[in-house]
Amino acid sequence: MKTATVNINSYVKVKLNEFGLSVMKSNREELQRMAPSLPHFTPPATDSEGYSKFQLWSLMQAFGPFIHLGGELPFDSEIQFTCESVIEEEE
């Protein structure tokens with residue numbers, strides 16, 4: 001098994017699905033009600049493999065309330081973490 005130390009400000013990459021995009025759009029629309037001058041929702045950029053990049057804290061803030069046992073996930077269950085080093089441990 002490998003472990004990594006990741007800072008809450010580190011970047012992670014996820015593959016958003018339609019539910020995830022609808023959560024993001026709904027969050028933006030709620031903000032626009034309070035601040036109408038904000039631009040309309042634009043989906044996040046994706047790389048060639050379909051991953052979008054977020055700071056870990058931002059991902060948790062946006063999608064944490066929607067993640068629970070048995071519920072629909074807003075993104076694929078695999079998360080790519082960016083980290084400085086990975087430590088291999090013996091099992």
Side-chain angles (χ1 to χ4, degrees):
M1 179 187 300
K2 296 179 183 179
T3 61
T5 300
V6 179
N7 187 287
I8 196 86
N9 294 313
S10 294
Y11 285 94
V12 297
K13 294 187 341 182
V14 296
K15 287 186 180 180
L16 292 170
N17 57 31
E18 289 301 316
F19 176 56
L21 289 170
S22 71
V23 166
M24 291 185 75
K25 185 176 182 185
S26 176
N27 287 346
R28 173 53 69 137
E29 288 169 352
E30 182 65 28
L31 284 173
Q32 284 178 308
R33 280 192 272 286
M34 295 181 283
S37 63
L38 286 175
H40 291 289
F41 173 72
T42 303
T46 57
D47 65 16
S48 62
E49 296 177 359
Y51 284 92
S52 297
K53 185 176 176 181
F54 298 86
Q55 281 188 286
L56 180 56
W57 71 265
S58 176
L59 185 77
M60 292 167 43
Q61 179 186 42
F63 299 112
F66 300 93
I67 298 175
H68 55 276
L69 184 62
E72 182 179 5
L73 293 175
F75 47 82
D76 287 358
S77 60
E78 291 187 3
I79 301 174
Q80 292 184 353
F81 288 84
T82 59
C83 54
E84 302 262 335
S85 63
V86 176
I87 303 166
E88 290 211 32
E89 295 181 357
E90 294 182 31
E91 291 185 37

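Side chains are part of it too, since the values below use all heavy atoms of this structure and drop only hydrogens, waters and symmetry mates. Fair warning: this is a prediction, and the values are worked out from it, not measured in the lab.
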Looking only at heavy atoms, the pair that brings Ala45 and Ser52 closest together is O-OG, 3.1 Å
Could you measure the distance from the OG1 atom of Thr46 to the CG atom of Leu16? Nearest 0.5 Å is fine. 9.0 Å
side-chain hydrogen bond (donor to acceptor under 3.5 Å, both in side chains) contacts in which one or both residues fall within residues 16-31, not counting sequence neighbours: Glu30-Arg33
Is the backbone N or O of Ile8 less than 3.5 Å from a side-chain atom of Gln55, with the two atoms forming a donor-acceptor pair by type? no
Counting only N and O atoms by type, is there a donor-acceptor contact under 3.5 Å from the side chain of Thr82 to the main-chain atoms of Val12? no
Looking at residues at least two apart in the chain, or sitting in another chain, which of them share a salt bridge (charged side-chain N to carboxylate O under 4.0 Å, His left out) with Lys15? none
Output every pair passing salt bridge (charged side-chain N to carboxylate O under 4.0 Å, His left out) with a member in residues 55-67, not counting sequence neighbours, ordered by first then second residue. none
ILVMFWY cluster membership beyond Leu31 - transitive side-chain contacts under 4.5 angstrom: Met34, Leu38
The complete set of ring-ring contact (aromatic ring centres under 6.0 Å, His included) pairs with one or both residues in residues 10-66, sequence neighbours excluded, reads Phe63-Phe75
Pairs flagged by side-chain hydrogen bond (donor to acceptor under 3.5 Å, both in side chains) wherever residues 65-77 is involved - sequence neighbours left out: none
Suppose the criterion is salt bridge (charged side-chain N to carboxylate O under 4.0 Å, His left out): which pairs have a residue in residues 37-62, not counting sequence neighbours? Lys13-Asp47
Mind listing the closest non-hydrogen atom pair of Ile67 and Pro74 along with its distance? CG1-CD, 3.9 Å
